[in-house]
Each structure stands twice: as C-alpha cells, then as structure tokens.
Amino acid sequence: MPEAEQLAEARTLLFVPGDRPERFAKAAASGADAIVIDLEDAVAPPDKDAALRNARAWLAEGHDAVIRLNPAESPWYRTEVAALCERPVAVVLPKAAGAEAVAGLVERLAAGSVVIPLIETAAGVLDARAVCSVPGVVRAAFGHVDLSAELGVPPETSATLAHARVAVVLAAAAAGCAPPLDGVTTALDAPDVLNADVRRAADLGFTGKLCVHPRQIAVVHQGFAPSADELAWAERVVAAAAGQGATAVDGQMIDRPVVDRARRLLGRRDKSTFRSSVD
C-alpha cells in the first residue's frame, strides 16, 4: 500500500474502476500521487466480485493502491474487508459517519492499515471530528456529489456545501489529522471549471483532490502548489524571523503563527520538488 505519510501529503488520488484491470497500470503511470481502485460507484453489482479479485491481484503483485470499499451497510462490505485483511492495506470508506464504525473497520484490517473516510453525508459532516480522531485514519476526503443529493442542493454552487467543506477542514485540524482531500470535479473537458474548483478548495484549507481522469492530475498538482509570490513571501518571512520574536515584513507584523505558515509553504515546495525529481 502507499505509505501513510505519502497519503497524508498526496495532492491527487486517481480513481480507476475495479472491473477494468487493464487500466490499473495506466492509472499508476499517470503521475497521480496514488491510485484508488474503486469497488463502489464505478462498478455495477454483477461485477463487484470480479472487481475485488482484480484489486487483490494487483496488490498481490506488489503494486501500490488504495481500495475504495462499498459502504458498511452494503451486501459486499464484509466480504471485501475479509478479503483485504491479509496484509496492511489503505482503504477509502464511503459514507463514513460515526467513529465507532470507522474504528471497527481499522480493527478488522491488518495492523498498519490506514483508512481515508469519505465524508459525504450530513451525519458524516456532523461527526467529522470524531471520525478524523480515530487511530488509523490518515486523512478524510469530502464527497460533495452524494451530499448534495442527500440535501437536495446544487452540487457546485450551494452555500450549504461550502459550509460543509469548511466543517470538514476544521474537524480535521481539530483532530490533529492531515488536511482533507476535496471531492471530484465531474466536468472532464472544462479545465476552467477544474481550476476554479482547485482554487476554491485550496482557499478553504484542502491540500489535495480526488480525481476521475488522468488529464486532471497536472492541473490539480499545479493548483495546490504554492505560487511564486507565496514562496517569495515565505522566504522573506523566515529570513526576517531568524533569531527574532515579532518583526515586520512588507509592512505587516509577523510572529510565530505567521512564521509557521511560511515554513509550511516552503515545506510544500520542497516536497513537490522531491516528488518531481523522483518521477
């Protein structure tokens, strides 16, 4: 499975249907920080068993992948968990709501496994802090498409969804969890829409995004990378703060919280540079 640290810092998780094993290698070579073999929405009920076999075979061959399970209340969930408990695994749990259910999944999986709870229901949003606090949760993801359907609001423009996004970001921070991943952009041929979605997500405190097509990867990576202006500001702040308490940069007072933010920006640049050099 991908390392927990890699998942905590991932900017992109790319879904690939579990019943299309011929696409797994292409997804893995797409440049995404991790791939998610989907056993849920992308797979019709008659093909669920084959999708699970394909996912297990991919992992058994030594490849990295996150596995999106079916929801806990579905007829496939117990079989999937039992089939994936042989070795440490990273899984996405759809419709995650309630710490007890998430903790139960962690207990059933092999030691060292990690869970990305997909918060896509009203109950999940309200329980997000408890869910993100469960040991074994590496970070949360936000599922606005399902949540919008539950609430009966537009998936892209609703103020209610903006509130829910902020609630998940705050819950993750309060739980000491890595910042969450934003949901998918379903428009595949509208880069302006994708760019706007990424900018909004970054402004709200998300640090990554779920993706549904390889051509979304580069746009998302660029959108979550610190800008040249941000990096220049961060370098000035860190240099000015060396060995000092409160000081000023560009006419603005800076103190420890501001310096911490500047260092996080520089850390994001360094990690992105390292990943690019490895690739």
Side-chain angles (χ1 to χ4, degrees), residues 2 6-17 20 22-38 40-42 65-66 68 92 116 118-120 139-149 153-166 168-169 178-234 264-265 268-279:
Q6 176 189 351
L7 292 176
E9 298 172 354
R11 299 156 296 171
T12 49
L13 266 65
L14 175 65
F15 284 110
V16 58
R20 300 297 300 272
E22 73 278 6
R23 296 185 181 180
F24 293 179
K26 182 178 179 181
S30 68
D33 292 325
I35 67 168
V36 181
I37 298 177
D38 191 5
E40 191 205 12
D41 286 347
V66 182
R68 176 158 75 165
V92 173
I116 298 173
L118 184 53
I119 296 176
E120 52 186 344
R139 72 195 298 189
F142 181 69
H144 66 285
V145 176
D146 281 61
L147 181 58
S148 69
V153 299
E156 304 300 340
T157 60
S158 170
T160 302
L161 292 185
H163 169 79
R165 278 186 165 92
V166 172
V168 173
V169 170
L181 297 149
D182 194 28
V184 301
T185 294
T186 55
L188 300 181
D189 297 308
D192 54 333
V193 173
L194 179 59
N195 271 306
D197 286 352
V198 174
R199 286 197 301 271
R200 175 189 59 193
D203 286 345
L204 291 177
F206 291 87
T207 56
K209 187 170 177 65
L210 304 175
C211 298
V212 291
H213 196 282
R215 63 174 168 261
Q216 295 179 326
I217 301 302
V219 175
V220 176
H221 282 181
Q222 181 62 36
F224 280 112
S227 69
D229 287 345
E230 287 176 320
L231 292 173
W233 169 85
R264 285 195 298 270
L265 283 169
R268 284 167 54 194
R269 175 198 62 187
D270 295 341
K271 285 167 183 165
S272 296
T273 301
F274 173 76
R275 280 194 294 257
S276 298
S277 67
V278 171
D279 295 342

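Owing to the predicted nature of the structure, the values given are computational and were not obtained by experimental measurement. What you see below is based on every heavy atom in this structure, not just the backbone, and it leaves out hydrogens, waters and symmetry mates.
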inquiry  = Let's go through Val220 and Leu194 carefully: what are the C-alpha distance in whole Å and the side-chain angles of both, what is the deciding distance for side chain to side chain contact (heavy atoms under 4.5 Å, CB included) to 0.1 Å, and is it a yes or a no?
reply    = CA-CA 8 Å; Val220 176; Leu194 179 59; 4.1 Å; yes

query = Does some side-chain heavy atom of Asp41 sit less than 4.5 Å from a side-chain heavy atom of Phe15?
reply = no

remark   = When every non-hydrogen atom of Ser30 is compared with those of Leu14, the smallest separation belongs to OG-CD2, 3.4 Å

task = Please report the shortest heavy-atom distance between Gly143 and Leu118, naming the atom on each side.
result = N-CD1, 3.8 Å

query = Considering only heavy atoms from C-beta outward, does the side chain of Leu188 approach that of Gln216 to under 4.5 Å?
reply = yes

key: Full working for side chain to side chain contact (heavy atoms under 4.5 Å, CB included) between Val36 and Ile116   = CA-CA 11 Å; Val36 181; Ile116 298 173; over 6 Å; no

query = Got Phe142 and Leu147 here, is their nearest side-chain heavy-atom distance under 4.5 Å?
reply = yes

ask   = How close do His144 and Val184 get, heavy atom to heavy atom, and via which atoms?
value = CE1-O, 2.8 Å

query = Can you tell me how far the CD1 atom of Ile119 sits from the CG atom of Asp146, to the nearest 0.5 Å?
reply = 13.0 Å

request  = Could you tell me which non-hydrogen atom of Leu210 sits nearest to which non-hydrogen atom of Ala141, and how far apart they are?
outcome  = CD1-CB, 4.1 Å

ask   = What's the shortest heavy-atom distance between Pro179 and Thr207, and which atoms?
value = CB-OG1, 3.5 Å

inquiry  = Using a 3.5 Å distance criterion without hydrogens, assess whether the side chain of Lys209 forms a donor-acceptor pair with backbone atoms of Gly183.
reply    = yes

task = Please identify each residue that fulfils salt bridge (charged side-chain N to carboxylate O under 4.0 Å, His left out) with Asp189, with sequence neighbours left out.
result = Arg215

Ionic contact status for Asp197 with Arg200, cut-off 4.0 Å = yes

All ring pair (Phe, Tyr, Trp, His ring centres under 6.0 Å) counterparts of Phe24, not counting sequence neighbours = Trp58

request  = May I ask you to test the Leu204-Asp182 pair for a side-chain heavy-atom distance under 4.5 Å?
outcome  = no

Sub-4.5 Å side-chain heavy-atom contact between His221 and Asp33 = yes

query = Is there side-chain contact between Val153 and Ser148, with heavy atoms separated by less than 4.5 Å?
reply = yes

message = Keeping Arg139 on the side-chain end and Leu7 on the backbone end, is there a donor-acceptor pair under 3.5 Å?
response = yes

query = Of all heavy-atom pairs between Ala201 and Phe224, which one has the smallest distance, and what is that distance?
reply = CB-CZ, 4.0 Å

task = Decide yes or no for Pro180 and Val169: does some side-chain heavy atom of the first lie under 4.5 Å from some side-chain heavy atom of the second?
result = yes

